[in-house]
A.B. asks: 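Following this message is one structure expressed as C-alpha cells.
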Amino acid sequence: MTTTPRSAKAKHEAESPALIINFDNNARLPELYGDHDRHLARIEQKLGVSLTSRGNRVAISGAGDRVAAEEVLRALYQRLERGEGVTLGDVDGAIRLAREGVDPSGDALQIRTRRRVITPRTPTQARYLAALSKHELVFGLGPAGTGKTYLAVAVGVAMLIAGKVDRLVLSRPAVEAGERLGFLPGDMKEKVDPYLRPLYDALADMLPPEQMAQWMETGKIEIAPLAFMRGRTLSHAFCILDEAQNTTPMQMKMFLTRLGDHSRMAVTGDPSQTDLPPGAISGLGDALDVLEGVGEVGIVRFTETDVVRHPLVARIVRAYDAREQKHR
C-alpha cells in the first residue's frame, strides 16, 4: 500500500472538483459557521481554500489544503454534536492540528471532565497530553498562555473522576511572599490563596462548584504552597507543581522525591521568567540538567507558536524573546 504526501495530494485536489461535506443537522450550522460566517472565513484565510455553503452542504475548493479544511469542519461539527460550543479559538486550534497532520477529531486527544471536554489546540499540546498519559514524571516548559498547567490539571481531574488516582495535589511556590508573608492580613490560608488562585480557576473550569468544594473539604483535591509538601509521600495521587522556575534546587529535589506508588507528577514552568533573587539558581533548570537523558521522564517544550490566548499574547512573547536574544 502506498500513500500520497499531503502536499502532492493538495496539489492534485486543486485541479479536481470541489470537496463536498454534507451535515445531518442544519440547526447546528450557524454555530459551526460563526457570526457572519467568520469561522469559515478564518479557515479560508489560514488554509488557502474557498468555502461555499448552501443548505446543509459545504463545498471546499481552491489551491490550498482541502484535506485539512475538511478535517477541521468535521472536527468542529463533532464538537457541536457532543453539546460543546465552537469559538474562534477552537477553530484556530483545529486548523493548527490539521496543518501538522494531526486529526483534530481524534478520541485520543479528548480529556473528559465533569464540565467540559478539553482538546489540544496545537501539536505540542497533543504531544504533551500523550506524555502525561505515558510517563510518571513530565516537565511542561514554555511561555505563559500555552496551556501547560491547564492541560495538566485537566488530565489530573480526568484521572480522579475515572478512579485511576485517589487524590489530586496541586502546588506552587509562593516566592513573591517570602519573609513578608507574615505582614499580609488574614490567617495562613488567606495569606497564600492569592498565589494559588490560577489553580483554583483551572479546577472551577472543569468541576461543578459543589463537587469541587466537597472534594477539597475531604482532601480528595489539595491545593497548597510548596513548603507544605515537605516530609510527605504522595501515593495514588496526581501531583502538579506549577511555576516551577521559582523553586530552588533543594525545593525541586524535595518535591520530586515525594513521588509515591501509583502516582504521577507534572512539573510546569517558564525557565525564562523567574522571580528568584538575582544570581539564584532555578530548581527547574537544575532538574532538567540532572534528569536529561533519563528515559522515564517526559520533557515537552512549548514555544510562542503554542500560545492559545489572545493572538496579541503570542506577539508580546515573541517581542520579549527577541529583545532578550539581542541583549545576549
Side-chain angles (χ1 to χ4, degrees), residues 3 5-7 9-10 39 42-43 46-47 65 67-82 84-113 115-159 161-162 164 202 205-206 238 240 242 264-270 288 295-311 313-314 317:
T3 58
R6 167 164 285 189
S7 58
K9 188 182 294 185
H39 294 168
R42 180 62 65 93
I43 296 170
K46 296 289 186 179
L47 296 177
D65 196 337
V67 174
E70 180 182 10
E71 290 175 353
V72 169
L73 286 169
R74 292 193 185 280
L76 296 176
Y77 183 77
Q78 286 180 19
R79 286 183 61 91
L80 296 173
E81 286 192 313
R82 295 194 300 262
E84 305 166 41
V86 171
T87 66
L88 203 57
D90 296 321
V91 176
D92 287 337
I95 291 172
R96 288 191 195 99
L97 292 172
R99 279 202 299 205
E100 295 295 327
V102 180
D103 182 3
S105 62
D107 289 341
L109 302 179
Q110 298 173 7
I111 305 298
R112 298 183 181 276
T113 66
R115 298 192 67 177
R116 62 178 58 202
V117 176
I118 296 164
T119 56
R121 290 185 175 182
T122 72
T124 307
Q125 287 189 349
R127 290 195 297 272
Y128 184 50
L129 290 179
L132 288 169
S133 66
K134 178 181 179 182
H135 298 287
E136 293 180 340
L137 173 59
V138 176
F139 288 85
L141 314 170
T146 51
K148 308 179 299 296
T149 303
Y150 188 85
L151 291 176
V153 173
V155 171
V157 168
M159 291 183 70
I161 292 171
K164 295 180 180 179
D205 214 26
M206 302 168 196
F238 191 97
I240 300 172
D242 189 31
R264 290 179 178 270
M265 274 188 178
V267 178
T268 66
D270 181 358
L288 293 172
E296 295 80 7
V297 177
I299 300 176
V300 179
R301 301 180 187 274
F302 295 83
T303 69
E304 70 274 1
T305 60
D306 296 300
V307 173
V308 292
R309 293 179 183 171
H310 192 286
V313 175
V317 171

A.B. asks: Applying side-chain hydrogen bond (donor to acceptor under 3.5 Å, both in side chains) between Thr122 and each of Thr303, Asp92, Asp306, report the one that passes.
C.D. replies: Asp306
A.B. asks: Applying side chain to side chain contact (heavy atoms under 4.5 Å, CB included), run through Leu132 and Tyr128 and close with a yes or a no.
C.D. replies: CA-CA 6 Å; Leu132 288 169; Tyr128 184 50; 3.9 Å; yes
A.B. asks: Can you give me the closest heavy-atom contact between Val307 and Pro143, atom names plus distance?
C.D. replies: CG2-CG, 4.5 Å
A.B. asks: Looking at every heavy atom in both Val72 and Ala98, which two are closest together, and how far apart are they?
C.D. replies: CG2-CB, 3.8 Å
A.B. asks: Between Asp205 and Arg115 (salt bridge meaning N to carboxylate O under 4.0 Å), is one present in this structure?
C.D. replies: no
A.B. asks: Do NZ/NE/NH1/NH2 and the carboxylate oxygens of Arg96 and Glu100 come within less than 4.0 Å?
C.D. replies: no
A.B. asks: Heavy-atom distance under 4.5 Å between the side chains of Val117 and Ile111, does that happen here?
C.D. replies: no
A.B. asks: Provide the closest heavy-atom pair for Lys46 versus Arg99 in the form atom of the first, atom of the second, distance.
C.D. replies: O-NH1, 3.3 Å
A.B. asks: Report the distance from atom CG of Asp103 to atom CZ of Arg74, rounding to the nearest 0.5 Å.
C.D. replies: 11.0 Å
A.B. asks: Would Arg127 and Gln125 count as having a side-chain donor-acceptor pair, cut-off 3.5 Å?
C.D. replies: no
A.B. asks: Check this for me: does any side-chain nitrogen of one of Asp90 and Arg79 sit under 4.0 Å from a carboxylate oxygen of the other?
C.D. replies: yes
A.B. asks: Is there a side-chain contact between His39 and Val86, using heavy atoms and a 4.5 Å cut-off?
C.D. replies: yes
A.B. asks: Within the side chain of Lys148, is there an N or O that forms a donor-acceptor pair under 3.5 Å with the backbone of Gly142?
C.D. replies: yes
A.B. asks: So, do Leu151 and Val155 sit near enough that their side-chain heavy atoms are less than 4.5 Å apart?
C.D. replies: no
A.B. asks: Answer yes or no: is there a side-chain heavy-atom contact under 4.5 Å between Met206 and Val153?
C.D. replies: yes
A.B. asks: Any chance you could measure Ser133, atom OG, to Arg264, atom CZ, to the nearest 0.5 Å?
C.D. replies: 7.0 Å
A.B. asks: Nearest 0.5 angstrom please: Asp242 CG to Thr149 OG1, how far?
C.D. replies: 3.5 Å
A.B. asks: Within a 6.0 Å radius of atom CD on Glu81, are there more than 12 heavy atoms belonging to other residues, nucleotides or ligands?
C.D. replies: yes
A.B. asks: Minimum heavy-atom separation for Gly140 to Phe302, with atom names?
C.D. replies: CA-CE1, 4.4 Å
A.B. asks: So among Asp270, Leu288, Val267, Thr268, which one has a side-chain contact (heavy atoms from CB on, under 4.5 Å) with Leu141?
C.D. replies: Leu288
A.B. asks: Calculate, to the nearest 0.5 Å, the distance between atoms CG and CD belonging to Leu73 and Gln78 respectively.
C.D. replies: 11.5 Å
A.B. asks: Taking side chain as C-beta onward, heavy atoms only, is Ile95 less than 4.5 Å from Ile43?
C.D. replies: yes
A.B. asks: With heavy-atom distances below 4.5 Å as the criterion, would you say the side chains of Val297 and Val138 are in contact?
C.D. replies: no
A.B. asks: What are the two closest heavy atoms between Pro123 and Leu97, and how far apart are they?
C.D. replies: N-CD2, 3.6 Å
A.B. asks: Does the side chain of Thr119 reach to within under 4.5 Å of the side chain of Pro104, using non-hydrogen atoms?
C.D. replies: no
A.B. asks: With a 4.5 Å limit on heavy-atom distance, are the side chains of Arg42 and Leu88 in contact?
C.D. replies: yes
